[in-house]
Every structure is written in C-alpha cells, then in structure tokens.
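Numbers restart at 1 for each chain; the letters A, B, ... are given by sequence-line order, proteins then strands.
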There are 2 protein chains.
Amino acid sequence: MYQHSDKHLVAVDCIIFGFEKGSLKLLLVKRKIEPCCGEWSLMGGFLFENESLDEAASRILKQLTGLENVYLRQFHAYGEMQRDPAARVISVAYFALIKIREHDYTLVQEYDARWFPFAEKPALIFDHDTMVAAALDRLRLEAKTHPVGFELLPEKFTLPQFQSLYECIYQRKLDNRNFRKSILSTGILEKLDEKDRTGSKKGAWLYRFDKNNYRELLTKGFRFNLTISE
Amino acid sequence: MYQHSDKHLVAVDCIIFGFEKGSLKLLLVKRKIEPCCGEWSLMGGFLFENESLDEAASRILKQLTGLENVYLRQFHAYGEMQRDPAARVISVAYFALIKIREHDYTLVQEYDARWFPFAEKPALIFDHDTMVAAALDRLRLEAKTHPVGFELLPEKFTLPQFQSLYECIYQRKLDNRNFRKSILSTGILEKLDEKDRTGSKKGAWLYRFDKNNYRELLTKGFRFNLTISE
DNA sequence: CCAAAAGTGTTGACCGTACACCCATGA
DNA sequence: TCATGGGTGTACGGTCAACACTTTTGG
C-alpha cells in the first residue's frame, strides 16, 4: 500500500517548562550537530519506526530529564518546507511541565543543557522561538481551565509561591486576596500543618494539591476555572 | 545530515464542517483504496516532498470542494503505531469551516463524497472518529472566543439561523433574547435592509458580518466572547 | 523595635440568566 | 382569523475587581 508516496523525516521537539525561585523557566540544550551546532535549541529527536509520537516525546523528555509520567501534551505540528535548512523535517511539538527539583541534574549537564528564566531566553534555532511562544500561549490557556500549576510546583507549596507562578505565566501582578479566595474556594487545596519559613520570618502555610478531591469534584460537574482576565 | 533516521509516510486529513437547513454537517468520502475500501472516511492525502503541511491541507480541501482561502486550522497530529493497518502513517488533522452553498457539487460527486448531518454520521475508518470528536471539541472552543460562526453561514444570514448554528455546535437550546443581546452588543453584525422570508411569513432581517469593524475593534482591545456555559 | 512577607473582608459594578408576550404575515 | 416563526425588556443574583491594614517573627 501507499508505495508511491513520499516519506519524510519526522521529529519531536519538547518545550520543557519549570518553575523555580519565583520565575518560570525553560530547559534548553546546546545543539551538538550541524546545522547550527553550538546554538541553543529545544530538546528534540527523530521519530523511530517503532514508536508512536507520544512515545517519542516521552522518550526524548526522559533522555534529558530522567522523568517519566509527567505532564506532556502535543500542541502543534510544524511543517514548513524550509524550517530546517539541512533537510525537510516535519516536527511535532510537545510541551512538558516538570518539577525542577525532581529532574536529573547530571543528565542535563551531559547534554550541555541549561534552565533559562523565560525573560532571559536566548534566540533559538529554526522555528523554535515560534514553538516556544505557541507553547506559552497554550500553557496560559490550560492554566485557566485545568489545575496544571501543580505540575510545576513541588508537592508542598505555599500560596505566595502558587500566586507567583500564575503571575509568571500571565506576566501580570495579581491581587493576593482575590487570588487566594478563588483558588481556596475550589476546594482542591489541602492545607498542611507545616509552614515554610524560607521566604519570610513569619512563614507561609504549606498546601498540597488534593488530587482525589479534584477527581471527585469533576464527577459532580465541577470545572476548574481560575478567572484571569487578559 | 540526519541520514540514519527513519522516514515516515505523513498524511493530512481534513474534517470539513458545513451548516445547512438547521444542522451541522460533515463532508465524508467513500474510500477508494485498500484497506477499508468502500468505507466512509475523512478526506485526506499524503504530504508531498515539496509542500508544507498547511499547503497539503489546502490542496486536499480544494481537491474535494474547489474552495480556497477558507477557514482551515491544524488541530492535532495522530501517530499511534497501528492507526492505519496497512502501514505506519503519521496523520496531521485539520478542520475546515466552509459555506456549503459555495462548494463545488460536481467534485463532491466525483469523489463519492456526501454531507452527513452530524447526528447521522456513519462509523469511520481508522481513528477518524476520534479525529472528528476532537475537531468538534476544538470548534466549540473556537466558537466561543472567535467569530467563526460566519465561516459556516452564507454572507447574508438571519439571527435565527445564527442562533440555530450555535445550538447545533453546542447541542443545546439557547435563549433567543440573551443570544441576540450578546451577539448584537458586540457590534460586529451589520443589519441589512432586507428580510429573508423563506423561514417564516413575517420574515427575518438579514445581517452581515462586519469584518472591518471587527478588525477595528480588535485593535482597541475588544475580544469576541460569546458566553455559552457548558 | 523594625523590616519584610503573610494573611484577612467588604463593597460596588457588571454580567449572565431566567423568563412571557406581542408582532407581522401568508394562507 | 389563525398558525407560525420573529422580535423585544426587565429584574435578580452571583461573580469579579478594587481596595488597606494587621499579624508574625527573626534579626
């Protein structure tokens, strides 16, 4: 079947988001092959004959971070003729949300990779800047209607941290009273009996994402909906 | 470069939406090649060496409908190993919104294609049912925040038609007073001095999408936002 | 005791939603 | 004159947005 049709190189590129010290970060690698060897790029790789696109994305993410079973979503396929000057390559882009503290630092070093705060991101090869911009758009969309913030924070986190994450994602100051009200009113945060005193002398209460209650609420028709007006 | 990497067949499949006689429709073709010859499927084709994904989608849409420059958006790439039993094929899915009256009926006949009301859609080959469901989800998302309804209606249309379209998309009855209020308040509809009397004896006023005013409004920070609660 | 971050309530404006009757016309 | 679909306005409740001071504690 289909013998006479053209075949193509298919790549998968991963936009890897993290959050640390109050800023949203991006994991980038220094490219080791031509063309554009030595320049910054997204982590990517070619699709194998015997794996699905999702499997390829997981494989590539694991290669660089050591992580599995993290939040990873396809968001767009890029297929312009000249996007890679060396060859005609179709690239399917995925974005991942990971907890920075949990990834494998040694792997990142091996790959000559680095975490960049979003604001300090260098120019990337090919159409990777476009991909990053699209991924951020998608993240913004997701973060309003799904509790994805938790994917980027450690298991225990404070409300000021949580708010700061949203402020990074939307590049905007939020009112802390309104933010707390709306996030707490969802009932998906579990307040712990511990404080985090690294950020202040008074200390901030730690919370945990109550996944079970979230699932429970979903079945009752609840929809996560943080209102952040554009 | 990249000599040792696997190459793949890449297809593009189009979910083609239309709206006619108060129902949302889907343009499907009867497949002419094995496997699954004779079964209903989406219109698709393989990506050529010398065209981008978007170009392939336009080409394939034009092949079947004769239309160019219509609303056409990529929404997902499908890459499961076994999705096509005959070969390993990556498929990039696009959805199109067209005005049924404007398409080329003879082409559709040549291809053994047919418009199906959404509710009467037959089972499709491979993962095409999944694609259709995903496309509808995407259409619902789009229709809330972008004035895509106009892509499916003739240039001049009545408010009852417009409302009926939204009722089809969201599978729900809407209150006509509220619907009119919200759509008219956007200021992107231009009321014409004509009535359409095909639907009733009284006749309904015809409107036209005021594209220029819409663009104008966008620059002023306006965002289309029809509130249709899930 | 002071600096620095955490935490806490109220009000007004706007928006979404619910709801029922009259109008115009051709048959 | 009647059946059919087209068109119209209001009131209530809930949600969003704006806003400033007190608390805690380590240094």
Counting only heavy atoms from other residues, nucleotides and ligands, does the tally under 6.0 Å from NZ of B:Lys121 exceed 12? yes
Between the side chains of B:Tyr71 and B:Glu142, does any donor sit under 3.5 Å from an acceptor? yes
NZ/NE/NH1/NH2 to OD/OE distance under 4.0 Å, B:Glu167 and B:Arg172: no
Check the angle between the aromatic planes of A:Phe126 and A:His128 and answer parallel, tilted or perpendicular using the 30° and 60° thresholds. perpendicular
Does anything in residues 174-188 of chain A reach DNA chain D, meaning a heavy atom under 4.0 Å, and if so which residues? A:Asp175, A:Arg177, A:Asn178, A:Lys181
Short side-chain donor-acceptor distance under 3.5 Å, A:Asp196 and A:Thr198: yes
Atom-pair distance (OH on A:Tyr207; P on C:dA6), nearest Å: 12 Å
Return the orientation label for the A:His103 and A:Tyr105 ring planes: parallel under 30°, perpendicular over 60°, tilted otherwise. tilted
Euclidean distance, atom CG of residue B:Leu192 to atom C1' of D:dG6 [Å, nearest integer]: 17 Å
I'd like to check A:Ile125 versus A:Trp40 (side-chain heavy atoms, cut-off strictly below 4.5 Å). Are they in contact? no
Interface residues of residues 198-205 of chain B with DNA chain C (non-hydrogen, below 4.0 angstrom): B:Lys201, B:Lys202
Please report the distance, rounded to the nearest Å, between CG in B:Asp196 and P in C:dT25. 14 Å
Round to a whole Å and report the spacing from NZ of A:Lys173 to P of D:dA17. 17 Å
Report the distance from atom CG of A:Leu206 to atom C1' of C:dA6, rounded to the nearest whole Å. 13 Å
Distance in angstrom units between B:Gln163 CD and D:dG7 P, rounded: 11 Å
What is the distance from NZ of A:Lys191 to P of C:dA6, rounded to the nearest Å? 14 Å
Can you see whether B:Asp13 engages B:Ser91 through a side-chain donor-acceptor pair at a distance of less than 3.5 angstrom? yes
Tell me: CZ of B:Arg197 to P of D:dT4, nearest whole Å? 19 Å
Measure from the ring center of A:Phe209 to the ring center of A:Phe157 and say whether it is less than 6.0 Å. no
